[in-house]
A.B. asks: 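Take this structure first; my questions come after.
Just so you know, residue 1 is the first one in the sequence shown, and it goes up from there.
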Amino acid sequence: MVAFNPDRPSRQALAALAFNRRRMLALGGLAAGAGALGACGSNTGRGSSDGVNLYQWYHQYGEAGTKEAAERYAAAYEDATVTINWIPGEYDTTLSSGLLAENPGDYPDVFESHLNRSMVDSGQIVPLDDLFEGVLDDFTDIDVKRNSIDGKIYGIQMIDDPQFLYYRPSLFSDAGITEPTTFDELAAAAAELTTSDVKGLFLGNDDSATKLFQPIVYSAGQTLLTDDFQIGFDKDTVIAGALQVKALHESNSLLIGAPTEAWDPSSIIQGLCAIQWCGLWALPQIIDTYGDDIAVMPFPGFGGGTQTVYNGGWSTFVNAKSEHVDEAKAFAKWLWIDNEEYIQDWCLSYGFHIPPRKSMAANADALAEGPAATAVQISQDFGWGDDPNWTPTMETAVDDMMTHIVLEGADPSAEFDTAAQTIQTELDSIFG
C-alpha cells in the first residue's frame, strides 16, 4: 500500500516509495521533524463505557475505498472511540511532528510506519511481544525480524508487498526468450525486446541505479548488516554488481523518463516497456489489461548469485506517549492480529497484498492461482526484508556510491571505500 500525493496517485509508492523514499521512511529517525500536522480526522468509533479515545494514523492511500475501510474497522470496535486521521502528502514528516506533540489528539495512539532503531532508542514506541502470544509462529521470519529491535517486537505487520518483475509471456515467446535467472540474461532479454516504440525494461525514473544495491547484496547471500552489527557485504561483490548495472544504464534498453514511477504499472500497461519492476498490489490492474498474458518472476541474480524478491509492507505501532497504551495495544491486536475478516479485506479488496499471518494467507483464495500464486511462492523462496538497524545515513552512503559509479563513471573502488567508511562510522556511533 502506498502514499497518495499529486505525483504518486496510488498507494504503491510508499510500499516501494520509488524504493529509495520507502527505505528512507522505513529506516529514518522519527525523533525529529517539522511541518504542520496535516491530519484529516473522523471520529468513527462506537466508544466505550469508560470514555477511552484512541487516535489512529494512516498515510493517505490512493485506492478508492481504503479510507472508508479504515473507518469501518474503527467503527466496529466496541472498547474505545477510535478516530481515524488520514494523512495526505508527506506522511513521514507529519508523523515525525505528531510524535513530538504533547497533547492527546495531536499525536497518534496507534500509527502505521516502518521500524527503525531511533524510534526505540528515543522511547517513542512500546514493545508488543505480549500481543503475539500463541501466534508468533504464524508470522514469517522476515516480518518478525523487520519489526524487532534487540529481541523485542515493536510492530505488527499489516500487509506484505513483494516486488518483482512483470512480463508478457507472449512477447518472450515471439522473441524466443526464456525467463532470465541472471542479471546478464535480463540485460540481454531487455536488449532483444527493445524496439523503436518499446523499451525492454523499466526499473524506475529517479532511482533505477540506486535501487539495485540491495538486490546485489542479497543475491550474493550477504546482508546489509551482520547480527553483531558489522557491514555484511564485501567490496568485490558490490563493485561487480554495480558495473553490471552501469552496463545496463549505458545500453539503449532501459526506460527512463516514464510518465509515472515504477510503483505504478502504467508503463507496462501502456506498452512503454516489455518488463517492469513493480509490486503485487498492481496485479489486478495489469490482469484487467492483459488477461492471461502476464507473468511474474524474481529479480535475477548478480554474478552467479540467487534470484531475489524484496518483501515490503506496512506495520502498526503503539505510541509510548499515549495515555491509553494498554487500550491502544488491545485495539492493534484486535484489528491486525485477530481479525481475519478485516485483514483479508485490507489485503485483497484494494489491490493485492499478502496477509502477514501465514494461516490467513493460506485462506486467501484470490492469491491461490495464476501469477498471484507465483508471486506468493517466489516471495517465500527468494524474499528479503528491511533491516531496522540500517539507517538513513547508511542508505545515503550506498545510494551516492551507486549514483557515482553507475551514472557518473566514478572510480568504483574509491566510491566503495567512502561508503564503507561512512557506514562504519555510523555503526560505531550507535553500537560503539
A.B. asks: Less than 4.5 Å apart, any side-chain heavy atom of Lys145 and any of Ser148?
C.D. replies: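 Counting from C-beta outward, Lys145 and Ser148 never come under 4.5 Å.
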A.B. asks: Checking Asp161 against Tyr310: is there a side-chain donor and acceptor pair closer than 3.5 Å?
C.D. replies: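 Tyr310 vs Asp161: no donor-acceptor pair found between side chains.
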A.B. asks: Looking at residues at least two apart in the chain, or sitting in another chain, which of them share a ring-ring contact (aromatic ring centres under 6.0 Å, His included) with Phe382?
C.D. replies: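 Phe382: no ring-ring contact (aromatic ring centres under 6.0 Å, His included) contacts found.
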A.B. asks: Thr226: what forms a side chain to side chain donor-acceptor pair (under 3.5 Å) with it, not counting sequence neighbours?
C.D. replies: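 Side chain to side chain donor-acceptor pair (under 3.5 Å) check on Thr226 returns Asp228.
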A.B. asks: State, to 0.1 Å, how close Gly89 and Gln60 come at their nearest heavy-atom pair, and which atoms those are.
C.D. replies: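 Answer, listing the atom of Gly89 first, then Gln60: N-OE1, 4.3 Å.
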A.B. asks: With side chains defined as the heavy atoms from C-beta onward, is the minimum distance between Ile275 and Tyr166 less than 4.5 Å?
C.D. replies: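 They are not in contact (no side-chain heavy atoms under 4.5 Å apart), so the answer is no.
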A.B. asks: Aromatic ring centroids of Trp334 and Tyr77 under 6.0 Å?
C.D. replies: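 Yes, the ring centres sit under 6.0 Å apart.
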A.B. asks: Would you please say whether a donor-acceptor pair under 3.5 Å links the side chains of Asp411 and Ser413?
C.D. replies: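 Not at all, the side chains of Asp411 and Ser413 share no donor-acceptor pair under 3.5 Å.
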A.B. asks: Spell out, as yes or no, whether a donor-acceptor pair under 3.5 Å connects the side chain of Thr140 to the backbone of Asp143.
C.D. replies: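 Side chain of Thr140 to backbone of Asp143: a pair is present.
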A.B. asks: Would you say the side-chain atoms of Lys321 pair up with the backbone N or O of Ala101, donor to acceptor, closer than 3.5 Å?
C.D. replies: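 Flag set: sc Lys321 to bb Ala101 pair under 3.5 Å.
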A.B. asks: Output the distance between atom CD1 (Ile125) and atom OG (Ser113), rounded to the nearest 0.5 Å.
C.D. replies: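 So the CD1 of Ile125 and the OG of Ser113 are separated by 8.5 Å.
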A.B. asks: Within the side chain of Tyr342, is there an N or O that forms a donor-acceptor pair under 3.5 Å with the backbone of Ala69?
C.D. replies: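 Side chain of Tyr342 to backbone of Ala69, a donor-acceptor pair under 3.5 Å: no, none is there.
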A.B. asks: For a side chain to side chain contact (heavy atoms under 4.5 Å, CB included) with Trp57, tell me which candidate from Leu95, Thr316, Asp109, Val110 qualifies.
C.D. replies: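 Single pass found, and it is Leu95.
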A.B. asks: Might you work through the salt bridge (charged side-chain N to carboxylate O under 4.0 Å, His left out) test for Asp150 and Arg117, ending with a clear yes or no?
C.D. replies: CA-CA 9 Å; Asp150 297 337; Arg117 177 169 284 275; 2.8 Å; yes
A.B. asks: Taking side chain to side chain contact (heavy atoms under 4.5 Å, CB included) as the criterion, tell me which of Val120, Asn319, Val325, Asp326 meets it with Val126.
C.D. replies: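 For Val126, the side chain to side chain contact (heavy atoms under 4.5 Å, CB included) check succeeds only for Val325.
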A.B. asks: Given the rule in the side chain to side chain contact (heavy atoms under 4.5 Å, CB included) test, do Ile287 and Ile294 qualify, once you have shown the distances and angles that lead to the verdict?
C.D. replies: CA-CA 7 Å; Ile287 288 176; Ile294 197 67; 4.0 Å; yes
A.B. asks: Any donor and acceptor pair, going by atom type alone, linking the side chain of Asp106 with main-chain N or O of Glu102 inside 3.5 Å?
C.D. replies: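 A pair under 3.5 Å: no.
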A.B. asks: Any pair with a residue in residues 354-376 that passes ring-ring contact (aromatic ring centres under 6.0 Å, His included), sequence neighbours left out, goes on the list, sorted by first then second residue, please.
C.D. replies: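 Passing the test, one end in residues 354-376: no pairs.
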A.B. asks: Let me confirm one number: the OG-CG distance from Ser122 to Leu99, rounded to the nearest 0.5 Å.
C.D. replies: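 Between atom OG of Ser122 and atom CG of Leu99 there are 8.5 Å.
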A.B. asks: Heavy atoms, side chains only, cut-off 4.5 Å: are Leu131 and Ile337 in contact?
C.D. replies: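 Of all side-chain heavy-atom pairs linking Ile337 with Leu131, at least one is under 4.5 Å.
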A.B. asks: Is the closest side-chain heavy-atom distance between Tyr73 and Phe331 below 4.5 Å?
C.D. replies: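 They are not in side-chain contact.
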A.B. asks: Applying salt bridge (charged side-chain N to carboxylate O under 4.0 Å, His left out), which residue pairs with at least one partner in residues 332-345 are found, sequence neighbours left out?
C.D. replies: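 For residues 332-345: Arg72-Asp345, Lys333-Asp338.
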A.B. asks: So, using ring-ring contact (aromatic ring centres under 6.0 Å, His included) as the criterion, who are the partners of Phe132 when residues are at least two apart?
C.D. replies: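 Counting only residues at least two positions away or on another chain, Phe132 forms a ring-ring contact (aromatic ring centres under 6.0 Å, His included) with Phe139.
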A.B. asks: Tell me whether Gln230 contacts the main-chain N or O of Leu225 through its side chain, where contact means a donor paired with an acceptor under 3.5 Å.
C.D. replies: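 Checked: no pair found.
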A.B. asks: More than 12 non-hydrogen atoms from neighbouring residues, nucleotides or ligands closer than 6.0 Å to CG on Asp121, yes or no?
C.D. replies: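 It does: Asp121 CG has more than 12 such atoms within range.
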A.B. asks: Restricting to ring-ring contact (aromatic ring centres under 6.0 Å, His included), what partner residues turn up for Tyr58, sequence neighbours left out?
C.D. replies: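 ring-ring contact (aromatic ring centres under 6.0 Å, His included) list for Tyr58, sorted by chain: Trp86, Trp346.
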A.B. asks: Hey, does the Lys NZ or Arg CZ of Arg146 hover above the aromatic six-ring of Tyr154, less than 6.0 Å from the centre and inside 45° of the axis?
C.D. replies: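 Cation-pi check for Arg146 and Tyr154: fails.
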A.B. asks: Suppose we screen for side chain to side chain contact (heavy atoms under 4.5 Å, CB included). Which residues come up paired with Pro104, at least two apart in sequence or across chains?
C.D. replies: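 Pro104: side chain to side chain contact (heavy atoms under 4.5 Å, CB included) contacts with Tyr107, Glu323.
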A.B. asks: Rounded to the nearest 0.5 Å, how far does CG of Leu203 lie from CG of Leu212?
C.D. replies: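 Spacing of CG (Leu212) from CG (Leu203) equals 5.5 Å.
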A.B. asks: Would you compute the distance between atom CD of Gln214 and atom CG of Asp387 and round it to the nearest 0.5 angstrom?
C.D. replies: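 Reported to 0.5 Å precision, the distance equals 9.0 Å.
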A.B. asks: Measure the CG-CD1 distance between Asn147 and Ile153 for me, rounded to the nearest 0.5 Å.
C.D. replies: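 Answer rounded to 0.5 Å: 8.0 Å.
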A.B. asks: State, with a plain yes or no, whether a side-chain heavy atom of Thr210 is found less than 4.5 Å away from one of Val406.
C.D. replies: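 No - every pair of side-chain heavy atoms lies 4.5 Å or more apart.
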A.B. asks: Should the heavy atoms of other residues, nucleotides or ligands under 6.0 Å from CD of Glu369 be counted, would the total exceed 12?
C.D. replies: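 Not more than 12 within 6.0 Å, no.
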A.B. asks: Once you round to the nearest 0.5 Å, how far does CG of Leu201 lie from CG of Leu255?
C.D. replies: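 Result: 8.5 Å between the selected atoms.
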A.B. asks: Decide yes or no for Ser349 and Thr66: does some side-chain heavy atom of the first lie under 4.5 Å from some side-chain heavy atom of the second?
C.D. replies: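 Heavy-atom side-chain distance check fails, nothing below 4.5 Å.
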A.B. asks: I want to check something: taking the side chain as every heavy atom from C-beta on, are Thr396 and Asp399 in contact at a cut-off of under 4.5 Å?
C.D. replies: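 No; the side chains remain at least 4.5 Å from each other.
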A.B. asks: Is the distance between the ring centroids of Trp277 and Phe299 less than 6.0 Å?
C.D. replies: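 Yes - the distance between ring centres of Trp277 and Phe299 falls below the 6.0 Å cut-off.
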A.B. asks: Any side-chain donor paired with an acceptor under 3.5 Å for Thr237 and Gln222?
C.D. replies: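 A pair is found: one side chain offers a donor N or O, the other an acceptor, under 3.5 Å apart.
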A.B. asks: Ignoring hydrogens and geometry, is there a side-chain-to-backbone donor-acceptor pair from Tyr350 to Ala64 under 3.5 Å?
C.D. replies: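 Not confirmed, Tyr350 side chain does not pair with Ala64 backbone.
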A.B. asks: Is a side-chain N or O of Gln157 found less than 3.5 angstrom from the main chain of Ile159, in a donor-acceptor match?
C.D. replies: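 Pair found, side chain donor or acceptor close to backbone of Ile159.
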A.B. asks: Do Lys152 and Asp129 touch side chain to side chain, with heavy atoms closer than 4.5 Å?
C.D. replies: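 Yes. Closest side-chain heavy atoms under 4.5 Å.
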A.B. asks: Is Thr94 reaching over with its side chain to a backbone N or O of Glu90, donor-acceptor style, under 3.5 angstrom?
C.D. replies: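 Judged by distance alone, yes, a pair lies under 3.5 Å.
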A.B. asks: Tell me which pairs pass salt bridge (charged side-chain N to carboxylate O under 4.0 Å, His left out) where either residue lies in residues 268-285, with sequence neighbours left out.
C.D. replies: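 Passing the test, one end in residues 268-285: no pairs.
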A.B. asks: Could you note down all residue pairs passing salt bridge (charged side-chain N to carboxylate O under 4.0 Å, His left out) where residues 230-248 supplies at least one of them, sequence neighbours left out?
C.D. replies: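 Qualifying pairs, neighbours excluded: Lys235-Asp417, Lys246-Glu250.
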A.B. asks: How close do Ala242 and Ile216 get, heavy atom to heavy atom, and via which atoms?
C.D. replies: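 Ala242 and Ile216 have their closest heavy atoms at N-CD1, 3.7 Å.
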A.B. asks: Identify, with sequence neighbours excluded, every residue that meets side chain to side chain contact (heavy atoms under 4.5 Å, CB included) alongside Asp428.
C.D. replies: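 With sequence neighbours excluded, Asp428 shows a side chain to side chain contact (heavy atoms under 4.5 Å, CB included) to Gln424, given in chain and number order.
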A.B. asks: Salt-bridged, Asp130 to Lys329, with N to O below 4.0 Å?
C.D. replies: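 Looking at Asp130 and Lys329, the cut-off is met.
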A.B. asks: Taking the ring of Phe233 and the ring of Phe213, is the distance between their centroids below 6.0 Å?
C.D. replies: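 They qualify: ring centres under 6.0 Å apart.
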A.B. asks: Can you tell me if Glu395 and Thr391 form a side-chain donor-acceptor pair at under 3.5 Å?
C.D. replies: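 No donor-acceptor contact under 3.5 Å links the two side chains.
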A.B. asks: Determine which pairs satisfy salt bridge (charged side-chain N to carboxylate O under 4.0 Å, His left out) with at least one residue from residues 347-358, sequence neighbours left out, and list them in order.
C.D. replies: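 Qualifying pairs, neighbours excluded: Asp138-Arg357.
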A.B. asks: Could you tell me whether the side chain of Glu261 and the main chain of Asn205 form a donor-acceptor pair under 3.5 Å?
C.D. replies: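 Indeed, once roles are kept as given, a pair shorter than 3.5 Å links the two residues.
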A.B. asks: Just to verify, what does Ser379 make a side chain to side chain contact (heavy atoms under 4.5 Å, CB included) with, not counting sequence neighbours?
C.D. replies: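 By the side chain to side chain contact (heavy atoms under 4.5 Å, CB included) rule, Ser379 matches Pro162, Val309, Asn311, Ile354.
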A.B. asks: Is there a donor-acceptor contact under 3.5 Å from the side chain of His114 to the main chain of Gly313?
C.D. replies: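 A pair under 3.5 Å: yes.
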